[in-house]
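Just so you know, these numbers come straight off a predicted model, no measurement behind them. We count ligands from 1, going down the list as the structure has it; atoms in each ligand are counted the same way.
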Amino acid sequence: MSIEELARKTIRELTPYQSARRLGGSGDIWLNANESPFANEYSVTCSRLNRYSECQPAELIQAYADYAGVDSKQVLTSRGADEGIELLIRTFCEPNQDSILYCPPTYGMYAISAETFDINTKIVPLTPEWQLDLPSIENNLNGVKLVFICSPNNPTGNVMKRRDIEKLLDMTTDKAIVVVDEAYIDFCLETSTVDLLAKYPHLVILRTLSKAFALAGLRCGFTLANTDVINLLLKVIAPYPVPVPVADIAVQALSVAGRAKTKYQVLDISANRAYLQAGLGMLPGVTVYDGYGNYLLVKFSQADALFTALWDHGIILRRSPIENCIRISVGNRDECEKTLAFIRAHVISQGNASANNDELNASN
Ligand code: PMP
């Protein structure tokens, strides 16, 4: 048997997640992975590296609980929110039997994590306004253990209506867990559903330090949920999931000074987002959708040609599955200015070219 044949059928047939990193590219401006443009300094002590870390470092758990406004017993830390997704699926779904439900266009890892564990996926697309299609979700709950929703949603950037999330929680009581992925919530904390944990025992919230806290390379995420859920996840998680230096750095990021820095950087990124939105919105044939995270989804009349022109020019953005849309992570002001200038020149030259063609056609 070849090595390939030894692998599970599911894995042989799986198309892995096409992360921004895997897609590669070469350039000076990287606005494709919703990372922060800020690289902050931290100190790391190496004196304890001969010892295993705590499974759930108490200081880190307490620091995130304080930040999120929950009890420390309601917090689990893991290798990014991505590991949180995986743990939930492994904990709640029976392979080849149960399903997860998700609402595209949305983050791709819900489906991929489910597939790797032979969990079925039920797909209920968002409405044309990119909101939850509650009647359709209700009709598809049979066999569903986890409903994933993402707010602010990646890649569309909008937030889900709070009333709809509450209705979804009401409709899933005693049936399924509702997972609200709040990876980008720090850019619009007022829309968080964290207060609903007190009312709904089947609500789970995913958080991360990868975005607003500018620590994508640290791989540190959190699951917020009631203790019954957290205790189940603790049965499944690996024995020493948080490296000692990760816990050290995360605690510094969540200190009073670290949180103040993040708040300032969130304001800075939000100002750049407004700058990009205003600049792009003025261009002919361009639609910028309101975005609440650190990225914008933008529709162009010829997105593929523009994407390639940007790529060739060393400006690496993210193609989106939504027709003619490109997702642009909000960088620092210089990156935003250069990106806007290139797009403006490209869109205007294309507009002129097609106007010239029209004139030629009219005179022929
Ligand atoms: N959820 C969403 C919506 C995301 O966009 C991302 C990051 N791309 C994640 C979760 C995973 O975040 P982390 O870096 O914490 O694994």
Under a 4.0 Å N-O cut-off, is there an ion pair linking Asp248 with Arg48?
yes

Output side-chain donor-acceptor pairs under 3.5 Å for residues 341-349, partner residues at least two apart or in another chain, one line each.
unit_1 : atom_1 : unit_2 : atom_2 : d
Ser349 : OG     : Ala345 : O      : 3.4
Ser349 : OG     : His346 : O      : 3.1

Which donor-acceptor pairs under 3.5 Å do side chains of residues 273-285 form with protein atoms, sequence neighbours excluded?
unit_1 : atom_1 : unit_2 : atom_2 : d
Arg273 : NE     : Gly291 : O      : 3.3
Arg273 : NH1    : Gly291 : O      : 3.4
Arg273 : NH1    : Tyr292 : O      : 3.4
Arg273 : NH1    : Gly293 : O      : 2.6
Gln277 : NE2    : Asp290 : OD1    : 2.9

Which protein N or O atoms sit under 3.5 Å from any N or O of ligand 1? Give each pair with its distance.
unit_1   : atom_1 : unit_2 : atom_2 : d
ligand 1 : 1 (N)  : Asp181 : OD1    : 3.3
ligand 1 : 1 (N)  : Asp181 : OD2    : 2.6
ligand 1 : 5 (O)  : Asn154 : ND2    : 2.9
ligand 1 : 5 (O)  : Tyr184 : OH     : 2.7
ligand 1 : 8 (N)  : Lys211 : NZ     : 3.4
ligand 1 : 14 (O) : Ser210 : OG     : 2.6
ligand 1 : 14 (O) : Arg219 : NH1    : 2.7
ligand 1 : 15 (O) : Ala81  : N      : 2.6
ligand 1 : 15 (O) : Thr208 : OG1    : 2.5
ligand 1 : 15 (O) : Ser210 : OG     : 3.4
ligand 1 : 16 (O) : Ala81  : N      : 3.2
ligand 1 : 16 (O) : Asp82  : N      : 3.0
ligand 1 : 16 (O) : Asp82  : OD2    : 3.4
ligand 1 : 16 (O) : Arg219 : NH2    : 2.8

Q) Do Tyr64 and Tyr67 have their ring centres less than 6.0 Å from each other? A) yes

| said: Within the 3.5 Å criterion, strictly below it, is a donor on Glu335 or Asn272 matched to an acceptor on the partner's side chain? | reply: no

Quick note, salt bridge (Lys or Arg N to Asp or Glu O under 4.0 Å) partners involving residues 171-187, not counting sequence neighbours, are Glu182-Arg207

